[in-house]
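Input: a single structure, listed below in structure tokens.
Naming convention: chains lettered A, B, ... in sequence-line order (proteins, then strands); numbering from 1 in each chain. Computed from heavy atoms alone, side chains included, the values below leave out hydrogens, waters and symmetry copies.
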Amino acid sequence: MLDQRLVRDNPEIIASQLGRRGKAVDLTKLQLIAQQQRNLEEQRSGLQAEGNRIGKEVGLQIKSGTDPKSEDIANLRKQGNAIKQKVSVLEDEEKLLSSQLKDQLLTFPNLPSDDCPDGTSENDNVEVRRWGAPREEEGLEEHWQIAERLKLIDTERSVRIAQSRFVTLMGQGARLERGLINFMLDLHTKKGYREVLPPVLVNTASLTGSGQLPKFAEESFRCADDDLWLTPTAEVPVTSLHRDEIIPADQLPLRYAAYSPCFRREAGSYGRDTRGLIRLHQFNKVELYWFAHPDHSEEAHQQITADAEAVLQALELPYRVLDLCTADLGFSARRTYDLEVWLPGAGAYREISSCSVCGDFQARRSAIRTKEGKSTKLVHTLNGSGLAVGRTMAALLETGQQPDGRVRLPSALVPYVGCELLQPE
RNA sequence: GGAGAGCUGGCCGAGUGGUCGAAGGCGCAGCACUGGAAAUGCUGUAUAGGGGCAACUCUAUCGAGGGUUCGAAUCCCUCGCUCUCCGCCA
């Protein structure tokens, strides 16, 4: 969420920054609401001060012996009542305006960072670097072909169990998925990340706090009888881990590595990536998350990205890093590096991790602050996939495929999977 | 699902209508004492919003929302959550 004061005092900053994201907004009305709301607050608190004075006066007089039924007291009561009425009118107006303001504000995306490249579509994303030597051969299989041939996944029966876009991992496939989760968590915790296994059902406040609500309700699965949703990413519960808290500055940064299954409705993606492990309603992900001091979030962003890259490097998977342009930024992000892994079978780079710095955007929604001396300020939050497990498996299958149909796993994974070659069981 | 208890500051805990943002304790910070430390003593220590260059000041907040009252942490109503016991259950 954006700062209300910015709306009130410098709406032109918001307009120009959101303009960079391709969002044209007219803030004159909202600014007016914000200013009126402040005026009402001033009037109201002045009246309340007067009312408090009268209340005390009555108490004092009665205590010092004045007859409670005396003229003086009756007069004060009358004044008190008059003020009460005025206050309640002002209060109603003020509440209406604040809720209008807040409702609007919750629908605005974050302002892009100054360093974020300008652009109008994903074509304007800037490639920052590449790592590894991509396999570029003719006749390589795609991961879903390999997975079905080796019976690592059962797609058809998954439809019976649930519906399309769900997958059941079987045998070595299940083992590989489990091994990858463990491998990733081990890698991150060795670097000092605290491991987290959060609830995957989250309440409305949590989804609002990290930015998924109110705008993206149709992207999440919702429980019919409770205020609970299936989390679309561990970013949601981990943000709320410290919701409404003040974190002492000497504890920052807090770094978490959270494994969770993730659930997304993928509304509006009919027909895309219908086969295999790329786009599912349920997938596993290890998420990196930082609560950082506001002065150090830029460095933190470089570090969290490097920590996500470390997984790809350890798995010997070639990738490239994109600096997302303003048009491609997610709702809560100020700046994002996407990691795209090379899929030799598909012959394309595919997103496998998104590393974002959100500034104080989520912290304001979630009331997560830090304290130095007397002043409290909002922390900065960062998140990055480290990594999306299903897509990692897809990349491993395509990258490790052998002419004989088997799949060679990177050596780092052998202790986790128990073999270096996947072959028909 | 049934029955009961509770929800107060970072924590514990007092407070049943009047100057209470809230006693006391713990914790934390500063100062004093000390060669240094412990112990001790003193002082300070919530959040949000408004005004002010600042010192400071006003308003709100005792789970949430309504109500009674000149005045509510305290009384009334609704809701939420937590805990305990019983039932069920991995």
Side-chain angles (χ1 to χ4, degrees), chain A residues 1-10 30-103 105-106 197 199-209 223 225-229 237 240-252 254 261 291 294 360 363-379:
Chain A
M1 192 164 61
L2 306 177
D3 190 348
Q4 302 199 5
R5 273 170 290 211
L6 206 55
V7 176
R8 201 174 62 210
D9 303 327
N10 303 94
L30 207 57
Q31 181 185 25
L32 203 66
I33 288 177
Q35 288 173 340
Q36 279 177 343
Q37 188 251 333
R38 199 245 317 254
N39 289 343
L40 285 172
E41 182 181 345
E42 281 177 33
Q43 289 178 49
R44 190 213 71 224
S45 64
L47 279 171
Q48 281 175 324
E50 177 64 9
N52 288 343
R53 216 211 79 236
I54 292 171
K56 283 180 190 175
E57 176 82 26
V58 171
L60 278 174
Q61 290 209 15
I62 291 176
K63 210 168 200 177
S64 67
T66 310
D67 178 5
K69 296 204 168 103
S70 72
E71 187 98 349
D72 281 359
I73 303 272
N75 236 321
L76 288 170
R77 284 198 176 145
K78 227 162 115 189
Q79 285 179 43
N81 272 323
I83 286 172
K84 197 159 58 168
Q85 281 197 351
K86 283 191 209 160
V87 166
S88 102
V89 171
L90 291 177
E91 221 168 32
D92 287 350
E93 281 180 61
E94 195 187 331
K95 271 186 191 165
L96 186 69
L97 292 182
S98 326
S99 73
Q100 282 178 358
L101 181 61
K102 189 166 184 204
D103 288 352
L105 233 36
L106 283 173
L197 191 66
V200 295
L201 295 191
V202 297
N203 57 33
T204 297
S206 296
L207 277 165
T208 306
C223 298
D225 295 326
D226 300 280
D227 176 31
L228 290 170
W229 309 63
S240 279
L241 203 55
H242 292 292
R243 180 149 48 84
D244 294 321
E245 282 186 26
I246 296 176
I247 304 167
D250 60 10
Q251 287 180 20
L252 296 176
L254 291 172
F291 296 88
D360 61 16
R364 183 173 293 105
R365 289 172 161 247
S366 300
I368 307 168
R369 295 140 293 169
T370 187
K371 191 163 190 178
E372 271 177 319
K374 267 186 138 179
S375 69
T376 57
K377 35 181 142 172
L378 296 166
V379 301

Item to check | Identified pairing partner of B:U82, criterion: Watson-Crick or G-U wobble below 3.5 Å | outcome: B:A5
Checklist entry - What's the NZ-C1' distance between A:Lys63 and B:U19, to the nearest Å? => result 8 Å
Checklist entry - With sequence neighbours left out, what residues match A:Gln43 under side chain to side chain donor-acceptor pair (under 3.5 Å)? => result none
Checklist outcome for this item: Pairing partner of B:G21, by Watson-Crick or G-U wobble and under 3.5 Å for both distances, is none
Item to check | A:Lys377 NZ to B:G49 P, straight-line distance once rounded to whole Å | outcome: 15 Å
Checklist entry - Is a donor on one side and an acceptor on the other found under 3.5 Å between the side chain of A:Arg38 and the backbone of A:Arg5? => result no
Next on the checklist: Taking the C1' atom in each of B:A39 and B:A23, what is the distance between them to the nearest angstrom?
Outcome noted: 26 Å
Checklist entry - Of all residues at least two apart in sequence or in a different chain, which pass the side chain to side chain donor-acceptor pair (under 3.5 Å) check with A:Glu245? => result A:His242
Checklist entry - What is the distance, rounded to the nearest whole Å, between atom CG of A:Asp227 and atom P of B:C79? => result 17 Å
Item to check | Euclidean distance, atom CD of residue A:Gln61 to atom P of B:U19 [Å, nearest integer] | outcome: 16 Å
Item to check | Residue matched to B:A48 through Watson-Crick or wobble contacts both under 3.5 angstrom | outcome: B:U59
Checklist entry - Within the distance-only criterion (no hydrogens, no angle test), does the side chain of A:Thr376 pair as donor or acceptor with the backbone N or O of A:Lys371 below 3.5 angstrom? => result no
Next on the checklist: In this structure, how many angstroms lie between the P atom of B:G80 and the CG atom of A:Leu228, rounded?
Outcome noted: 14 Å
Item to check | Qualifying residues under salt bridge (charged side-chain N to carboxylate O under 4.0 Å, His left out), relative to A:Arg77, sequence neighbours excluded | outcome: none
Checklist entry - Mind checking the P distance from B:U57 to B:C7? Whole angstroms is fine. => result 33 Å
Next on the checklist: Does B:G65 have OP1 or OP2 under 4.0 Å away from a side-chain N or O of A:Lys95?
Outcome noted: no
Checklist entry - How many Å lie between CG on A:Asp3 and P on B:A48, as a whole number? => result 12 Å
Could I get a table of every N or O pair under 3.5 Å where one atom is in the protein and the other is in nucleotides 68-70 of chain B?
from: B:C70; atom 1: OP2; to: A:Asn81; atom 2: OD1; distance (Å): 3.2

Item to check | Integer angstrom distance from the C1' of B:A48 to that of B:U43 | outcome: 27 Å
Item to check | Gap in Å between the two P atoms, one belonging to B:G18 and one to B:C12, rounded | outcome: 27 Å
Item to check | Atom-pair distance (CD1 on A:Ile246; P on B:C11), nearest Å | outcome: 11 Å
Checklist entry - What distance, rounded to whole Å, do you find between the two P atoms, one in B:G10 and one in B:U16? => result 23 Å
Checklist entry - Which pairs with one or both residues in residues 86-97 of chain A pass side-chain hydrogen bond (donor to acceptor under 3.5 Å, both in side chains), sequence neighbours excluded? => result A:Arg44-A:Glu94
Checklist outcome for this item: For A:Ser366, the side chain to side chain donor-acceptor pair (under 3.5 Å) test, sequence neighbours excluded, returns none
Item to check | Pair assignment for B:C53, Watson-Crick or G-U wobble, requiring both distances under 3.5 Å | outcome: none
Checklist entry - What integer distance in Å separates A:Arg369:CZ from B:A46:C1'? => result 10 Å
Next on the checklist: Suppose we define a pair by two distances each less than 3.5 Å, Watson-Crick or G-U wobble; what does B:G41 pair with here?
Outcome noted: B:C31
Checklist entry - If you count the non-hydrogen atoms of other residues, nucleotides and ligands that lie under 6.0 Å from CD in A:Glu71, is the total more than 12? => result no
Checklist entry - Which heavy atom of A:Ile83 sits nearest a heavy atom of A:Leu47, and at what distance? => result CG2-O, 3.5 Å
Item to check | Separation between the C1' atoms of B:U82 and B:U8, rounded to whole Å | outcome: 15 Å
Checklist outcome for this item: Scanning all shown strands, the Watson-Crick or wobble mate of B:G87 with both distances under 3.5 Å is none
Item to check | Strand partner of B:C75, provided both Watson-Crick or wobble distances fall under 3.5 Å | outcome: B:G67
Item to check | Any residue meeting salt bridge (charged side-chain N to carboxylate O under 4.0 Å, His left out) with A:Lys377, in chain and number order, not counting sequence neighbours | outcome: A:Glu372
Checklist entry - Considering only the P atoms, how many Å lie between B:G44 and B:A60, rounded to the nearest integer? => result 25 Å
Checklist outcome for this item: With sequence neighbours left out, the residues meeting side chain to side chain donor-acceptor pair (under 3.5 Å) with A:Arg243 are A:Ser206, A:Ser240
Checklist entry - With the sugar-phosphate defined as primed atoms, P, OP1 and OP2, and the base as all remaining atoms, what B/S/- string results for nucleotides 50-64 of chain B, 5' to 3', for protein heavy atoms under 4.0 Å? => result SS------SSS----
Checklist outcome for this item: Checking N1-N3 plus N6-O4 or O6-N4 for Watson-Crick, or N1-O2 and O6-N3 for wobble, each under 3.5 Å, the partner of B:A14 is none
Item to check | P spacing across the pair B:G6 / B:C77, given as an integer number of angstrom | outcome: 15 Å
